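We name chains A, B, ... by the order of the sequence lines, and we start the count at 1 in each one. The figures here come from the full heavy-atom set of this structure, side chains too, leaving out hydrogens, waters and symmetry mates. Everything numeric here is computed off the predicted structure, so don't read it as measured data.
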Number of protein chains: 2
Amino acid sequence: MPSTEQHHVICTVDVVLLTLLHGALHVALLPRDKAPFAGVLALPGGYVHAQEDAGTQASAARVLQAKAGLVSPYLEQLATFSGPARDPRGWSVSVAYCALVPPSVLEQSRGLQLLPVQNVPALAFDHADILATALERVRSKSLYSSLPVHLCAQPFTLPQLQSVYEAVLGETLNKVSFRRKMEELGMLEALPGQLQTGAAHRPAQLYRVRAAFRQQLSLSARGL
Amino acid sequence: MPSTEQHHVICTVDVVLLTLLHGALHVALLPRDKAPFAGVLALPGGYVHAQEDAGTQASAARVLQAKAGLVSPYLEQLATFSGPARDPRGWSVSVAYCALVPPSVLEQSRGLQLLPVQNVPALAFDHADILATALERVRSKSLYSSLPVHLCAQPFTLPQLQSVYEAVLGETLNKVSFRRKMEELGMLEALPGQLQTGAAHRPAQLYRVRAAFRQQLSLSARGL
DNA sequence: GAAATAGTGTCTATAAGACAGTATTTT
DNA sequence: AAAATACTGTCTTATAGACACTATTTC
């Protein structure tokens, strides 16, 4: 019964790969190299390989490695998009993932186009919907979690981290409250004696994410 | 290429159907009527029907109607579960949905077993994982949204709604704060002159959900 | 020392919770 | 009238934000 035509479904993954450049969120896109939508920009994606993938998360990681040449430490399932019309080849399911990386990780990537999320042209398939869902998720999670730390190359200073939050949320934050919250989240540790020098002002303390929080978010009960 | 064996994936949906009975969350389960896992309790689920379904959300609604004989006003995508081992028939993807209904909706259902979520036996496939994910999602969303109203038959009183929140969250809530929050969410409207009478005490005002919030949650910036 | 930004102390404003009082029903 | 619970007023406590002050660097 699973092999009857009635149940045949195209099964793919797509990855919304986000980073922060010049204070603005950018998404990584690739021009498609074949039909459908040949030449049109699309999210990195591909078929699930039932022979080799341990799950769709593994498919997404494999696709990122194959198409962008990178490994994203943070890769989270976003949502699943489906229907008869989203892919002209037939009824399809795409499990979408969201990856957040600091800009440094993208340096080894090849062929990716990084476009500011406010200014993305028409995309293949329903990738504009997938991108919109990812942005909404990232912004809403940034209101009460440590998610934006994944956009920051380590080590970083608190002012740097605050400006990352501000870029993602699109609003300025209160410095005292921000520092209180970061303290309270308990996921950062100061690197003793390591300061960011070189600027014409008091140097800032450098921090890194504690090991226990590298794979998992820290959530705040009350936001920020 | 999509039809090569390499890409063949079994595509299903499963629904975590939750309701509140005797002050405790219960999940609706069905004994499987054929292999694999014949006779074992499982979430209502089934194949995606590419010929008839407009998307996996429609598949989930169709499965609920077919297997439980009901239409759930609230049906939200939960997450997608996948891998080579979760279904003995082969590499599979299941898009899981979460439905919340008041107990009254389940009266017309046939054959469903409603079990308290703290006391569920071994389930077929990876349905225990799916259920755990659903419970975590429902509890976390209940902290800052109007989600639990879907468990309440309308119209309801504020003390009834508060006890629904308390049952889902597993903690008692401050009455004054709860009422302030419900006021602030702006999703309820009092039914003028309609009070819940019959009890040996002051009757409570009856409320219903405003039309604008029947399909969509109301979110609070600061929780509760 | 001037400029710039880091970091902190403290006051104010807002939101959450505690508590007690009043209101309205049944028995 | 007693009991029970609905509802509300108000005080206290906790949290968030504003603001100003000190600290430390480069030029």
query: What is the distance from NE2 of B:His201 to C1' of D:dA1, rounded to the nearest Å?
result: 18 Å
task: Starting at atom CG of A:Asn174, determine the distance to atom P of D:dT15, rounded to an integer number of angstrom.
output: 16 Å
query: Given atom CD of A:Gln196 and atom P of D:dT24, what is their separation to the nearest angstrom?
result: 17 Å
query: Could you give the CG-to-P distance, from B:Leu206 to D:dT5, as a whole number of Å?
result: 18 Å
Spacing of B:Met182 atom CE relative to D:dA6 atom P, expressed in whole Å: 16 Å
field: Any B:Thr197 side-chain nitrogen or oxygen under 4.0 Å from OP1 or OP2 of C:dT25
entry: no
task: Would you please classify the geometry between the A:His26 ring and the A:His22 ring as parallel, tilted or perpendicular, with 30° and 60° separating the classes?
output: perpendicular
query: How many Å lie between CD on A:Glu184 and C1' on D:dA16, as a whole number?
result: 11 Å
message: Give me the atom names and distance for the closest heavy-atom approach of A:Tyr97 to A:Leu75.
response: CB-CD1, 3.9 Å
Charged N-O contact under 4.0 Å between B:Arg180 and B:Glu183: no
- prompt: Which of these nucleotides, C:dA16, D:dC7, D:dT5, is closest to any side-chain atom of B:Gln205?
  reply: D:dC7
- prompt: For DNA chain C, whose closest nucleotide is more 5', that of B:Lys175 or that of B:Arg180?
  reply: B:Arg180
- prompt: Separation of A:Glu166 atom CD from D:dG17 atom P, in whole Å?
  reply: 12 Å
message: What is the distance, to the nearest angstrom, from the CZ atom on A:Phe178 to the P atom on D:dT15?
response: 19 Å
- request: Starting from the 5' end of DNA chain C, give me the residue, A:Ala200 or A:Val176, whose nearest nucleotide shows up first.
  value: A:Ala200
message: Nearest to the B:Lys181 side chain among D:dT24, D:dG17, C:dA16, which nucleotide is it?
response: C:dA16
N/O donor-acceptor pair under 3.5 Å between B:Gln77 side chain and B:Gln57 backbone: no
- prompt: Can you find a pair of side-chain heavy atoms, one from A:Pro102 and one from A:Leu151, that are under 4.5 Å apart?
  reply: no
task: Kindly say if B:Arg202 contacts the phosphate of D:dA4, meaning a side-chain N or O under 4.0 Å from OP1 or OP2.
output: no
field: Minimum-distance nucleotide to B:Leu158 side chain [options: D:dC7, C:dA16, D:dT26]
entry: D:dC7
